[in-house]
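Chain naming here is simple, since letters A, B, ... match the order of the sequence lines and numbering starts at 1 in each. This one's a predicted model, so the numbers in the text were calculated from it and none came from an experiment.
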Amino acid sequence: MSEPVLLRTLSRPAELASLAARAAGGGTSAVEFEVAHLTGEAGVGLERPRPPEELLHFAAGGLRVEVATWPATSADVATNHELSESTVLGGKPARLSEPARGWVYRGSAVLNPGFLTDRSRSLEILLSLGSAPWRPALPDTLMLTRALRELSHAAAATGSPILSLTSPAAPSSEAVGTTRGDGSGEKVRSPFAPCVRMAIGLDAARPQARLEFETAVAAVATDLGLGLRLADRRAGRIRGEWFAITPFQSARYRARRDELFAWAPDEMPTQAIPVTALGPARVGSTQTLCDWLERSNVGCLGASVTVLQDIAFINLLLPVAPARTGARPGGGTSTRAVDGLGRVASRCGLTTEQGTHREGHAQKAIDIRPAADYLLLAGSPVPCSFERTLRSGLPTRLPLWVAWDMPPAVEATDVLRTVTEALSAYAAVDVAFARSRRGERGRLLGRAKLAVAPVGRVSADALTGTLGAMAARAQDTASRRLAARLGIQANDVRLQVAWRERWLAQLGMGAL
Amino acid sequence: MALAQHATPPATRGLDRLLDVLWSIPAPTSPPSMARDDQAFGLALLDLSLRLQHVSRMSERLRLVDRGHLERSVGLDLDLTVLTRPQIDTLQPRLGEHGLAAGAALARPFVWVPIARHRRQDVTPVLVRDATGGVLPRLTHDEVTRRVAAGLIRLFRLLLATNPDTTLSGHPLHDLRHEHNRSRWLIEHAMLRLIDDGAAAHLRDVSALALDSTRHPVPRASTPESSAARARGTDSYSIRARAAEGLRLLFGEAGHPFPQLLDVASSEYLLVVLVPRVADRCFLTYDAPLLPANRPVRSRRALAKNLLPLNREFTVEYSATVPRAVRSYHVTVDVPEEVRVRRFTVATDVDAPVVDGLRYDIEAVIGHYDELEKVSGKLVELELQAIASRLAELGRRRQRDVNSYRTYLRQSLDPRNPPPEPVRSPLSALDAVERLGAGDCSPAVLGAFAGHYEADAYRHLADGPFSADVLRGIADGLQSAEIGRDLTVDNDPRENGGHAHWRPPVVDLASGSLEPVRATAFLALADESPSLIESVSRIIAALTLLVFGLGALIAGSPSWLIQTPVDFDPTTAFARSDAIVAVLLLGPGLLVARLDIPSTNTVLGQIRSHQRALAYTAVGATTGLAMAVAASRPGPVLVDVARISFVVLALLLVACGVEFLARHRRRRAVIAPSATLPAWLHIEMVGSRERTVVEPDARFDAVEGV
């Protein structure tokens, strides 16, 4: 029924023209990228010779992934891509030394103009495997893999592109005490809970696709005992406001986990490998990787899928199988996805070593086409660490949300550094997640989630008041310092720091 | 649910036209020559011209040249800060192009920007001026099409290169990309040709005249060379067939945006000007091509109405497209000072995407109701709440429009005769839903729904008031009441001018729609006091008195109209017939000469056509009497002729009276019978769904785009 009016619109042609113009704007249709897999001292970002156009910062389990992209300006990059059949070209990984240890990968990729997304039309969901800080046993990591696979299948089956996916994420806690409806009565939460936050692109003329996706996800949540919340779509509601669909049922979750993965060792992973698959954004590429993870019985500690300058970056933190933790670590590798996946599976797959080979999974054919041209960057195994819960039941670290809309001269690392410095007087701060891009007029738009541990003892009753005061002071201080440091007008600095995401209002990006 | 159908969707049209070209032009042996910077330039032009997000304000000044032509002067406020750095870098003038000053103080002191899209058939010389009156350089048609074509060819290559099927050896797309160069070049040449020509019909004819021979393979045994070529796959048919198959595989999916882009590029012309970047904001004006009227076919009934004393109005409809990014749109109408603007309104379809989205959502929810309910009742609740909240917002918007229209009516009508006050009948929460379910989406009902919704009357909609039948009724009602259209009224204090200021809603319910807004202005022009009908009625009254007085003097009795006096002597009475004839000719002649009777081709002439007919008939009545007196022998028959003349004049006087009554009635009409006004306004003002629509006297269509 939607066809005639859909065809009448200029929206999709305009999106295609915009994407193509962006692609051709720099003289080439390629994007240069830098991916860093890091451990060690957590910072706010690597120093780079030129400011990236878009940036992703993702941390979980004591590991960090940073992705930066630039429009390719060199004619060499265009020529390399024209001469090659590959859509992604990568150089040799380089080792990083102190203070941040890890591997950095550089290269270029051609974007896919067939991947049309409109950031203003999206649906966000929050799938919860619990609300306590994420301290998984191996069966839990396999459950996360299963959840990611189901989500990516539901998206691909309805032809919906995944715009972003993050796990672990902050849960949406129920209200306690007073319910004012403004979020202030909700429980404090952990920034690193076993939750998957995912946004898919929507086609306004195909609401049935959205409903099919919602139905599929709700069915998965019910089956696995997971909590599901959907972004509140009522007029006037903003990002961070959720509509509860199914609650988390811990008994059901445990039963299903034991039923599916009782064969896996019930121990916490000690090492993990950061893996990044990247290539032209395409519907189904995340699904392909998740299919492969599940077929190889590889668990997942954390995941971040994002599209930077129309290139998809699928970052996965994969626990090393206990039997392989003593193996020689090796270095970072950069290979075709089809070649590299087997190598990662041999290190992280629980199947073979545990002698619980599941015939069904092993024989399942996977359509590799959506990710056939992707590049797979795999780091070396590193020790992983997890969050703790205090005796009071509160998490050790709490989330603060930051959003900014800055003049073109500002860089994302300037903002993150200034905010974390402003907060350092009150708390120990780490960047859990950050995403920034250039918006209209070249302005820098971004959002971040910080994990803060207040200095000194704070009683549970005073916690929200402390967080509120901390956020307000940090916002004032950071705004002033940014304006002074970068020589920009104070009223042109738009920065918000809040301890409830929805209080960021409309500042920042529509979808990350 | 019946949705608007289009004869040929742009996606299909673009692809079909490209295929027609592909089967007709020579199969190339080399790729098309294109400069790399032309490709980026063309794509940037297309991108900016489809969104026009740098146009922050648009002002149109309309002037009716005559009844069939409209002059349009367009003013644009450009916000150059919207342009990104890469866009500015890409849209730079070439070295030596348009004589740029070397070593300018500002880096990138100029930038090419598209400011409008025109249909190709409307292409006329356009002079674009800046705020100081200086003429800005423009790209020629050839320069624009060449660069746009280069951009689309680049996009085609990119789409081909990133298609996952090109990684599968043996797949037609893999071969098209890596092996069949001539087929790929053929597609590129076809795109170049289509965008340059703007049409493919003549090439289709060329192909048809040759019995569509290119579309069939040459029989194997025709010549040894052709058999060998076919075996190698280098014959004309094989090259074309592979190209056509590749196009279908790449763009055959319904709604693919690439053919739509191709359709825009080949059917429209981009107006691109070189703008100085001395300030971030600049103002431009240009005179758009003169618009000819599209005169609707008028029915006999309508023609008869024109002859009756119904107070003729000259009605005009004007349609234009406004980029959705525009934050302020002004339409000003200037008419000759003798003409008054009786009504001036502008309706836009700004909320059409919202209503479309609502209807899609409703249809989808109805189709998946049981499925959603089975999985989780909360899913249904979320969907219904999302629908209800948008419905409530639409209710508030349309209620605002109704109120501003009522205020406009009160201000434009005679304060001594204000329009009737609306009868308000409040509805309960359940009644409001019941009325909506019955398909009554009038602003009053939507307003009541909005009020109850915000008062938390509909906290639980699933398994409650929003059943599938109610939802169906709402979807139908939204469409039939044209809730997606808003209304802006005239706020110009001048009587011979009109001005409407439209602004998009602050809350964007359209979820980032880029669809241009279609604005339709309705203009009713009339001859108001002091009008010609007043002068004509005075003249007719004077002539009636003249004829009556002459008759009374000649007959020697004021009762001559009813009965000729017994002692009436025609010979004596008409002894001075020359003088009588002179009075009958000179009096009306002098009076009519003082009337301002305009040319029939002007708007004023159209409005005053009935009055003109009355005046001429009155002169005819007295002239006929004069002719009778001059040509006939004196006798009682002349008295009968005088009586006839008097009766004719009296009837004309009555017609003038009817005209006055009709004018009074038209002035007090609460709504004009025009299709440009939304149906919800008719329902609100008249209280009935039945509406009479009268075709306008002139319709001007400046709608750009596909």
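Heavy atoms of B:Tyr453 lying under 4.5 Å from chain A belong exclusively to its side chain. For A:Ala281, no part lies near chain B; criterion is any non-hydrogen pair under 4.5 Å. Residue B:Ser376 touches chain A through its side chain alone, counting heavy-atom pairs closer than 4.5 Å. Looking at B:Ala161, only its backbone comes within 4.5 Å of chain A, counting heavy atoms on both sides. When heavy atoms are compared at a cutoff of 4.5 Å, A:Arg369 approaches chain B by way of both its backbone and its side chain. Contacts of B:Leu168 with chain A are made by side-chain atoms alone, with heavy-atom separations under 4.5 Å and no backbone atom involved.
Side-chain contact check for A:Arg438 versus B:Arg85: every heavy-atom pair is 4.5 Å or farther apart. Looking only at side-chain heavy atoms (C-beta outward), B:Leu158 and A:Val110 come within less than 4.5 Å of each other. Looking at heavy atoms from C-beta onward, A:Thr215 lies out of side-chain contact with B:Lys374 at the 4.5 angstrom threshold. Put simply, the side chain of A:Leu111 does not reach to within 4.5 Å of the side chain of B:Thr162, judged on heavy atoms. Between A:Arg233 and B:Glu383, the closest side-chain pair of non-hydrogen atoms falls below 4.5 Å.
With respect to chain A, the highest number of heavy-atom pairs below 4.5 Å among B:Gln39, B:Arg390, B:Gln87, B:Glu371 belongs to B:Glu371. The choice from B:Thr84, B:Leu155, B:Ile387 that makes the most heavy-atom pairs within less than 4.5 Å of chain A is B:Leu155. Each of B:Leu46, B:Val82, B:Val365, B:Asp79 has some count of heavy-atom pairs under 4.5 Å with chain A, and the biggest count is that of B:Val82.
Counting heavy atoms of neighbouring residues, nucleotides and ligands inside a 6.0 Å radius, atom NE2 of B:His460 does not exceed 12 of them. In the displayed structure, A:Arg50 atom CZ is contacted under 6.0 Å by more than 12 heavy atoms of other residues, nucleotides or ligands.
In plain terms, the two heavy atoms of B:Leu43 and A:Ala21 that are nearest each other are O-CB, 3.6 Å. Contact between B:Leu382 and A:Ile245 at its shortest, heavy atoms only, is CD2-CD1, 4.5 Å. Closest non-hydrogen pair, B:Lys378 versus A:Phe243, comes out as O-CE2, 3.5 Å. Among all heavy-atom pairs drawn from B:Val375 and A:Ala219, the shortest one is CG1-N, 3.7 Å. Considering every non-hydrogen atom in both A:Ala14 and B:Arg51, the closest pair reads O-NH2, 3.5 Å.
Rounding to the nearest 0.5 Å places CG of A:Leu228 at 7.0 Å from CG of B:Leu379.
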- Which is it for A:Gln208 and B:Glu363 under the side chain to side chain contact (heavy atoms under 4.5 Å, CB included) test, yes or no, and what are the steps along the way? CA-CA 9 Å; A:Gln208 64 275 17; B:Glu363 281 291 317; over 6 Å; no

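Between the A:Arg210 side chain and the B:Asp361 main chain, no donor and acceptor come within less than 3.5 Å of each other.
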